[in-house]
Amino acid sequence: MQTYEFDTVILGGGPAGLAAAIYASRGAVSTALIDISMMGGQPSNYLELENYPGFPIIGGYDLMEKFEEHADKFGVQKFPMQEIERVDLVSNSKVIVTKEAEFKAKTVIIATGAQPMKLGVPGEKEFVGRGVSYCAVCDGAFYNGKTVAVVGGGNSAVEEAMYLTKFAEKVYVIHRRDELRADKIVQERAFKNEKLEFIWNSVVKEIKGDDLVHTVVLENVKSKEISNLSVNGVFPYIGIVPNVENFSGQVEQDAGGFIITDETMKTSIEGVYAVGDVRKTPLRQVITAAADGAVGAVYAVKFIESLKDVPQKV
Ligand code: NAP
């Protein structure tokens, strides 16, 4: 197995990791960027973003491609398709073991992001890829002329529901309250969309089908009434959980598992930083992820420089 040594290893190649890679490389420290998949992270799946400054509208994939090209320019070493098996953040020399290689680093910047929260109801797991999807941009076109349900009331649910109306004839938005959490401007657009119908105060109890999904079983949380809704697809957009499985417990985390940092992105472990969606933060956007990456990398570089003055126990 190949062993690499870097000043800093960045885990995750989304906007936070790519921004950190740009700042670390420009800080003249040797930098590795590891991702379980290709670089780009979650925004690569977003159809369009209209709130990244400088780009009134840009495809998510296109924006992430620009981030990656920018990181390439400064010589960051990229390691895509690396499945992490073990991470030791606690020792002075940090170690990341993937299926293919071992990485040793003076600092680690965690930018592993987050993933869709699951409904946890019968049928959800069973029908993934057969009517249950967490990515409207990826799978929306399969529902041309069909009926789908989106679950949730946040920006993701409402924006993705509107996106699905490009294909589906009817899109239900099932929300557990009678008021959306999504931004007002997003709500206004949604309420004008004639293909959208909101089902308030309701939760999904079960997803049913044969080969493909045909029904969601709903419960009205106020009246407790149970009803069946005929749909061809279900898109849960009920929030996110952090991707921390390889190092959970090593760094301080909140109740939801998100990593707690200070304003320099430093975690509870010396030399370990967390940036982007994986950390406890009030706003999860491409711009805030990128800003986190910049701050974390600058302080990781300062930390690496400070090590030169101190005799190291490795
Ligand atoms: P979110 O804002 O946390 O919304 C999650 C929604 O799912 C809420 O409406 C919540 O209901 C509901 N929910 C949570 N658990 C549930 C469960 N077990 N069963 C049924 N419903 C459940 O998550 P998000 O929409 O994924 O957004 C995450 C972050 O990304 C937010 O900060 C959001 O603003 C941001 N975002 C921004 C944009 C944009 O600006 N273009 C686009 C997408 C996302 P309650 O309302 O009752 O809590």
Side-chain angles (χ1 to χ4, degrees), residues 14-16 41-64 113-125 132-138 140 149-164 171-191 196 198-207 216-222 224 226 229 231 234-243 254-258 275-292:
Q42 281 193 84
S44 296
N45 295 322
Y46 298 169
L47 181 72
E48 289 167 345
L49 287 95
E50 53 181 22
N51 53 10
Y52 193 80
F55 298 94
I57 190 154
I58 185 164
Y61 182 86
D62 297 340
L63 183 62
M64 288 305 99
Q115 60 175 293
M117 199 186 287
K118 309 294 183 288
L119 291 166
V121 297
E124 180 181 29
K125 221 189 301 173
V132 173
S133 167
Y134 303 90
C135 181
V137 174
C138 319
V150 171
V151 189
N155 277 326
S156 299
V158 179
E159 287 187 353
E160 302 305 324
M162 279 192 288
Y163 173 72
L164 285 166
V171 179
Y172 294 103
V173 177
I174 300 163
H175 185 35
R176 64 183 177 182
R177 291 187 294 135
D178 59 3
E179 197 186 351
L180 296 173
R181 178 180 293 280
D183 296 344
K184 288 283 176 260
I185 184 169
V186 175
Q187 295 194 26
E188 279 164 22
R189 283 183 206 155
F191 291 140
L196 280 188
F198 290 85
I199 301 181
W200 303 108
N201 299 313
S202 297
V203 291
V204 174
K205 298 299 279 182
E206 189 176 351
I207 298 169
V216 284
V217 181
L218 302 179
E219 182 189 62
N220 183 302
V221 293
K222 293 206 161 153
K224 300 292 169 204
I226 300 285
L229 183 70
V231 294
V234 185
F235 290 78
Y237 276 103
I238 60 166
I240 50 173
V241 286
N243 295 321
D254 73 3
F258 291 95
V275 296
D277 285 6
V278 74
R279 82 176 185 102
K280 182 174 188 264
T281 173
L283 187 62
R284 292 191 171 86
Q285 299 277 297
V286 176
I287 187 172
T288 50
D292 280 7

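Each ligand, and each atom within it, is numbered from 1 in the order the structure gives. Given the structure is predicted, the values throughout are model-derived calculations rather than measurements. Nothing fancy with the numbering, it's 1 onward along the sequence.
Protein residues with any heavy atom under 4.0 Å from ligand 1: N51, G152, G153, G154, N155, S156, E159, H175, R176, R177, R181, Y237, I238, G239, R284, Q285.
Shown here are the ring-ring contact (aromatic ring centres under 6.0 Å, His included) partners of Y163, two or more places apart in sequence or in another chain: F167. Residues meeting the side chain to side chain donor-acceptor pair (under 3.5 Å) test with E219, sequence neighbours left out: none.
Contact record, A136 with F235: CA-CE2, 3.6 Å, taken as the closest heavy-atom pair.
A distance-only check finds no donor-acceptor pair linking the side chain of D292 to the backbone of V275 [under 3.5 Å].
Evaluation of the side-chain hydrogen bond (donor to acceptor under 3.5 Å, both in side chains) test over residues 172-185, restricted to residues two or more places apart or in two chains, returns N155-D183.
E50 and R189 are joined by a salt bridge, as a carboxylate oxygen and a charged side-chain nitrogen come within less than 4.0 angstrom of each other.
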